Amino acid sequence: MTGEHPALALRGLAKSFDGKVAVNGVNLDVPAGSFYGLLGPNGAGKTTTLSMAVGLLRPDAGGAWVLGHDVWADPVTAKQLLGVMPDGVRLFDRLTGAELLAYHGLLRGMEPDVVDQRAAELLDVLALADAGRTLVVDYSAGMKKKIGLACALLHGPRLLVLDEPFEAVDPVSAALIRDILQRYVTGGGTVVFSSHVMEVVQRLCTHVAILAEGIIKRVGTLEQVRGDRSLEEVFVEVVGGRTATGEELAWLAQ
Amino acid sequence: MAGPVTTPAAQARPVSARHFVRLKLRVMGNNFRGQGWRVALFLVGSLLGLWFAVGAFFGLAAPGLIGNDRYALMIAAFAGGLMVLGWLVLPLVFFGVDETLDPARFALLPLPRRTLVIGLFAAALVSVPTVAVLLALSGLVVTAGVFGGWSAALVAAVGVVCGLLLCVAGARALTSAFASMLRSRRVRDLAAVLLAVVAALLGPLQIAGVAAIQDTDWDRLTGLATVIGWTPLGAPWTAGIDVAQGRAWAAPLKLLITIATIVALLAWWSRSLESAMTGVASSGPNRAKPEVTGAVVAQLFPRAAGWLRRDRFGALVAREARYWWRDARRRANLITVAVVGLFVPVMVNFGGQGFSFDSTEGFTPAGSSSPVLASLSMVFVGLLAAVTLANQFGFDGSAYAANVVAGVPGRLELRARITAFSLYILPMLAVVAVVIALVLGEPTWIGLMAGALVATYGVGLAVNSFVSVLGAYSLPETSNPFAMNSGAGVVKGLLTLLAMAATAALAVPMVVAAALLDDVWLWLGLPLGLAYGVGAALLGVHLAGDVLDRRQPELLALVTPRR
């Protein structure tokens with residue numbers, strides 16, 4: 001089944017807000033077992049695209065399939081295969097880390113003893129067990145990302161969709177998250193994540209897509225997209241960045 | 001355009017209240033952009049406000065229009081005093097304050113606190129309620145003008161404007177102070193007590209008022225009005241009448257009282273504002289209790305919900321139950337229901353004495369009510385309890401995404417939410433029914449009162465399940481449990497009214513039965529009410545759950561605060 005269907009397939013996804021086009025027809029095939037980086041500048045439509053892919057935001061047009069299951073027509077099956085960590089979305093943060101994991105586990109229909117065992121392990125590995133009775137709302141940004149990741153992983157999804165997993169995370173936590181994700185992919189899982197940190201993408205990903213102004217500009221394996229240049233060069237060129245001439249903002253010099 | 005600026009801007013331009021007002025108008029305008037239904041709701045709300053304002057205007061202008069100044073002072077003092085009390089209490093109880101300009105957003109700007117408070121105050125004045133109230137109270141100016149000519153009218157006008165400032169300053173200061181208290185977990189119990197005291201003050205006032213009306217001794221009432229006229233409650237409103245009735249010396253003193261009160265309230269507000277600006281994210285002291293006992297799943301379930309199965313439904317209920325206590329916004333709602341739910345029935349049932357015939361016996365609690373009145377007051381309590389859920393998804397905000405991602409079925413979701421809320425509310429309602437029946441000295445009424453209560457609560461849950469799915473709106477992510485967006489202000493008011501009206505209509509059979517069936521109803525009230533309430537709630541959840549299944553992403557978009 002993994003052989004015939006991509007882990008995630010997006011076809012013609014489009015969305016506009018109040019007449020402003022955010023995503024303008026995105027097609028994407030994420031092969032099973034890949035580590036897929038979705039790159040794009042701020043406001044490129046990464047979060048909107050991923051939200052539509054996992055069933056959080058209804059697209060104006062197009063569809064999304066998780067391992068061949070239509071996210072919008074057959075949400076129950078598709079969502080069972082999915083683990084999601086949205087960005088800019090709060091967790092149920094008036095719970096402690098342990099309570100939050102228990103909630104997510106039971107919500108996914110898992111057996112209580114399995115939840116107990118996996119949650120304890122996750123808390124331990126992610127160095128969150130010390131937090132004890134601290135509410136998630138009082139966690140630091142890095143801890144929030146880690147508990148979010150734990151919630152997404154708990155039910156053992158086949159596909160993990162992460163929005164900005166490395167945003168506002170300190171190097172130690174980032175290394176830990178990278179490690180866990182790598183192990184997950186080695187074990188046969190598929191990861192799609194968005195980022196604008198080239199260094200992380202270059203280090204982790206097997207496949208890359210560059211999204212700008214609501215459409216996919218480049219797509220392929222890391223080598224195909226990068227060629228013989230650095231990913232950052234390609235990215236800036238594709239997105240159409242500008243370089244400062246040194247004339248403007250002269251007043252910044254005191 | 002790129003002229004080099006070699007020196008840093010030497011003098012920052014002073015910021016005045018005008019900037020805040022313009023900012024607020026701009027934010028309000030942007031909220032409406034591209035949202036036709038919001039504009040429509042805003043217009044409907046404004047028209048309703050105007051309608052009431054015009055009615056009140058003629059009421060207050062009546063002494064002048066009729067040409068009888070005997071009751072002028074009384075009307076000004078009582079109506080104005082009630083207005084001030086309303087402004088103080090209603091935001092705490094029902095409507096919240098408009099926090100379009102969230103003080104926390106100004107924390108980083110180099111603004112003196114004085115500028116900030118005055119600016120936020122000026123911005124708070126720009127709203128539909130203030131305009132409506134100003135219009136209504138100008139009736140006092142007409143009255144003063146008829147009896148005292150231009151000078152009295154002028155004083156009355158100044159008084160009305162000052163009075164309005166007093167109302168707004170009082171509402172802001174009180175909600176801000178309560179908010180910072182509720183934010184800290186340590187003093188939440190104190191807050192509950194204080195709120196109870198505020199509500200309790202309404203009771204005696206009402207009883208005294210009813211007793212006074214019943215006395216028909218209007219002179220005594222005039223005496224009371226005179227006294228109120230010298231408190232901040234009545235001072236701004238009666239100054240003009242004083243001039244008209246030849247007590248010109250009183251006017252400056254009363255205006256002085258008013259202004260001193262406004263200044264004091266603003267100073268109070270300014271103090272609590274600081275904590276509102278800095279204590280944004282944290283919901284209390286970070287008390288890390290290292291010892292964690294038991295397995296992960298066991299930790300999620302509070303003791304009161306320990307009987308639940310460890311499955312999806314159980315997890316939803318347990319999480320909701322924890323949230324009703326841990327989320328300051330929800331807790332404020334619970335406290336409100338508890339306090340108002342206890343005091344309003346007391347007021348209604350004791351106040352009912354005023355309309356009974358034995359005015360010679362004076363104030364006796366027992367026998368002063370009737371089954372119909374008792375049922376009616378219980379209908380109100382049930383209504384109030386159920387309407388708390390009208391925006392239940394708004395409490396969650398974007399966190400609701402977790403349930404969407406997990407694909408929680410709509411019916412399960414709604415059933416779990418109602419169960420968790422009822423864990424708190426049902427014991428509370430039982431206490432209300434028993435206590436009120438005992439206080440009234442009519443223990444046999446417990447059945448019919450509990451029946452009316454449960455029935456109303458049940459149909460209310462059904463109605464509010466729909467309202468919460470279809471009419472959800474986002475709450476701002478501030479720590480002020482009374483805050484809401486300005487666009488949502490009108491929406492919330494209208495939806496709450498709509499939900500309450502629908503619930504009340506559905507609860508009418510219980511009251512009718514109490515009126516018609518006499519003694520039989522003492523026995524049948526509870527079982528029939530229970531059946532009606534539970535049946536309605538189940539049916540409502542069944543139907544609303546279907547709707548929820550179809551609009552989960554849309555609901556999520558509605559409750560996600562726009563940034």
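The basis for the numbers below is simple: all heavy atoms, side chains too, and nothing from hydrogens, waters or symmetry mates. In this text the structure is predicted, and so the values were computed from the model without any measurement. In the text below, chain A, chain B and the rest are named by the order of the sequence lines, each starting its count at 1.
When all heavy atoms are compared, the tightest approach of A:Thr49 to A:Gly45 is OG1-O, 2.6 Å.
Between the SG atom of A:Cys151 and the CG atom of A:Leu91 there is a distance of 6.0 Å, given to the nearest 0.5 Å. Distance NZ/A:Lys144 to CE/A:Met85: 13.0 Å, rounded to 0.5 Å. To the nearest 0.5 Å, atom NE2 of residue A:His196 and atom CD of residue A:Glu164 are 5.0 Å apart. In this structure, CG in A:Leu153 is found 8.0 Å from CG in A:Leu126, a value given to the nearest 0.5 Å. Here B:Leu389 contributes atom CG and B:Ser468 contributes atom OG; the two are 7.0 Å apart, rounded to the nearest 0.5 Å.
Looking at B:Glu320 and B:Arg330, a side-chain N of the basic residue comes within less than 4.0 Å of a carboxylate O on the acidic one, giving a salt bridge.
Interface remark: B:Arg322 contributes side-chain atoms only to the contact with chain A (heavy atom separation under 4.5 Å). For A:Ser51, no part lies under 4.5 angstrom from a heavy atom of chain B. For B:Ala401, the parts sitting under 4.5 Å from any heavy atom of chain A are the backbone and the side chain alike. Contact of A:Leu82 with chain B is not made at all, since no heavy-atom distance falls under 4.5 Å. The contact between A:His104 and chain B is made entirely by side chain atoms (from C-beta outward), counting heavy-atom distances below 4.5 Å. For chain A, the nearby part of B:Tyr400 is the backbone; its heavy atoms alone come within less than 4.5 Å.
Residue-environment remark: CD (A:Glu167) exceeds the threshold of 12 foreign heavy atoms within 6.0 Å.
Interface with chain B: from residues 106-115 of chain A, residues A:Leu106, A:Leu107, A:Arg108, A:Gly109, A:Pro112, A:Val115 qualify, criterion being any non-hydrogen pair under 4.5 Å. Taking non-hydrogen atoms and a 4.5 Å limit, the residue list of residues 546-556 of chain B in contact with chain A, ordered by number, reads B:Arg550, B:Arg551, B:Gln552, B:Pro553, B:Glu554, B:Leu556. Residues of residues 404-419 of chain B having a heavy atom under 4.5 Å from any heavy atom of chain A, listed by number: B:Val404, B:Val405, B:Ala406, B:Gly407, B:Val408.
No donor-acceptor pair closer than 3.5 Å links the side chain of A:Thr96 to the backbone N or O of A:Leu135. In terms of modelled atom types and a separation under 3.5 Å, the side chain of B:Asp396 and the main chain of B:Ala399 share no donor-acceptor contact. Between the side chain of A:Asp116 and the main chain of B:Val297, a donor-acceptor pair closer than 3.5 Å is present.
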* To do: Give the C-alpha distance, both sets of side-chain angles, the deciding distance and a yes or no for side chain to side chain contact (heavy atoms under 4.5 Å, CB included) between B:Phe301 and B:Trp307.
  => CA-CA 9 Å; B:Phe301 287 78; B:Trp307 47 273; over 6 Å; no

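With sequence neighbours left out, B:Tyr323 forms a ring-ring contact (aromatic ring centres under 6.0 Å, His included) with A:Phe92.
When side chains are defined from C-beta on, A:Pro157 counts as touching A:Tyr184, because their heavy atoms get closer than 4.5 Å.
No side-chain N or O of A:Asp87 forms a donor-acceptor pair with one of A:Thr47 less than 3.5 Å apart.
Screening A:Leu95, A:Leu101, A:Asp93 for a side chain to side chain contact (heavy atoms under 4.5 Å, CB included) involving A:Ile147 leaves a single residue, A:Leu101.
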